[in-house]
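All remarks here apply to the structure that follows.
Note that the numbering runs from 1 along the sequence shown for the chain.
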Amino acid sequence: IPLRLVGSEMCIRDRAYSALYWRQRLEQSRQQAALLGRIAHLLNSALNPDEIVSQIVSDLGVSLNCDRSLLLDLRHDPVTVLAIWDPPDCNLQPLEPRQIGQSYWQNVIEMFMQGGASYLQLGLQDPTPDPLQVWLQDVGAESVLVLPLFIQGELFGGLALLSHQYP
């Protein structure tokens, strides 16, 4: 009989974990659908394009729970930061200048243009840092997730979601 109870308790525990997992997945899907709905609403709004872009970058930063989100134009040197979102009441160092040397982003640009990546995640753990990792360290970030943005099949830029180090 004790074996049956242990087996029964394991089965209940497994079902509870499974229910929790699927509840979390459902909530995540709901949040993603709400985000896409907000973005679609913004794209169809009467706001000017700069306000729309700023709001989308803000919504993505909030929804994806990052410390800073950037919309980057990667087509030219220097790379231009088109929009920045920082959480309210944060103490992140200002991102200056608003233009960044393309050399930091060259490896990322090449990977996206060659179709080798649909996103890129970088952190500071590599003993031989990539130029972008040096930039991350310079701005006080510990990792970045970069999503490429293509317009009519051409690489336009990227959305960079940063996670920062806190003292």
Side-chain angles (χ1 to χ4, degrees), residues 28-167:
Q28 184 180 31
S29 294
R30 187 195 66 71
Q31 289 173 354
Q32 290 169 349
L35 173 62
L36 291 174
R38 286 192 307 272
I39 290 172
H41 178 74
L42 283 168
L43 292 173
N44 291 307
S45 73
L47 296 173
N48 75 48
D50 289 337
E51 290 175 308
I52 291 171
V53 167
S54 292
Q55 188 60 52
I56 289 173
V57 170
S58 171
D59 283 355
L60 287 167
V62 169
S63 295
L64 298 174
N65 198 28
C66 65
D67 295 327
R68 173 177 276 161
S69 57
L70 308 171
L71 178 62
L72 305 165
D73 181 344
L74 297 173
R75 298 172 296 173
H76 310 288
D77 190 9
V79 167
T80 303
V81 179
L82 300 173
I84 299 174
W85 172 82
D86 291 334
D89 303 323
C90 73
N91 293 327
L92 297 176
Q93 66 185 36
L95 187 62
E96 294 297 333
R98 290 191 47 92
Q99 296 182 324
I100 303 164
Q102 195 178 44
S103 61
Y104 287 119
W105 296 89
Q106 194 57 47
N107 292 342
V108 173
I109 293 167
E110 289 172 9
M111 287 180 65
F112 289 147
M113 290 184 70
Q114 295 170 2
S118 58
Y119 70 92
L120 179 65
Q121 184 172 356
L122 284 175
L124 297 178
Q125 64 278 8
D126 192 349
T128 55
D130 175 277
L132 186 54
Q133 290 168 314
V134 172
W135 178 79
L136 284 175
Q137 196 166 26
D138 289 346
V139 299
E142 60 185 25
S143 65
V144 63
L145 174 66
V146 184
L147 306 168
L149 299 172
F150 289 88
I151 296 178
Q152 297 179 346
E154 298 292 324
L155 180 66
F156 168 79
L159 178 66
L161 306 170
L162 284 75
S163 174
H164 280 75
Q165 303 165 348
Y166 291 98

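Between the D86 side chain and the R68 main chain, no donor and acceptor come within less than 3.5 Å of each other. Side-chain atoms of S163 never come within 3.5 Å of backbone atoms of E142 as a donor-acceptor pair (strictly under, hydrogens ignored). Formation of a donor-acceptor pair under 3.5 Å by the D73 side chain with backbone atoms of G157 is not found in this model. At least one donor-acceptor pair under 3.5 Å links the side chain of S63 to the backbone N or O of D59.
In this structure the side chain of L132 reaches within 4.5 angstrom of the side chain of V108, judged on heavy atoms. Using a 4.5 Å heavy-atom threshold, the side chains of Y104 and D138 count as touching. Counting heavy atoms from C-beta outward, D77 and W105 have side chains that stay 4.5 Å or more apart. Using a 4.5 Å heavy-atom cutoff, the side chains of V53 and L71 are in contact. Taking the side chain as every heavy atom from C-beta outward, P131 and N107 approach each other to under 4.5 Å. Side-chain contact between E51 and Q55: absent, with no pair of heavy atoms (C-beta onward) separated by less than 4.5 Å.
Between S69 atom OG and L64 atom CG the span is 8.5 Å, to the nearest 0.5 Å.
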* **Test side chain to side chain contact (heavy atoms under 4.5 Å, CB included) applied to F112 and L147, step by step** => CA-CA 9 Å; F112 289 147; L147 306 168; over 6 Å; no

* To do: Starting from the C-alpha separation in whole Å, work towards a yes-or-no answer on side chain to side chain contact (heavy atoms under 4.5 Å, CB included) for I109 and L74.
  => CA-CA 7 Å; I109 293 167; L74 297 173; 4.0 Å; yes

* **Chi angles and distances behind the side chain to side chain contact (heavy atoms under 4.5 Å, CB included) call for I100, V81** => CA-CA 8 Å; I100 303 164; V81 179; 3.7 Å; yes

* To do: Output, in order, the C-alpha distance, side-chain angles, deciding distance and verdict of side chain to side chain contact (heavy atoms under 4.5 Å, CB included) for V139 and L162.
  => CA-CA 10 Å; V139 299; L162 284 75; 4.2 Å; yes

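The two residues D67 and L92 make their nearest non-hydrogen contact at O-CD1, 3.3 Å. Minimum interatomic distance between C66 and W85 (heavy atoms only, all atoms of both residues): O-CZ3, 3.5 Å. Among all heavy-atom pairs drawn from L72 and A160, the shortest one is CD1-CB, 4.0 Å.
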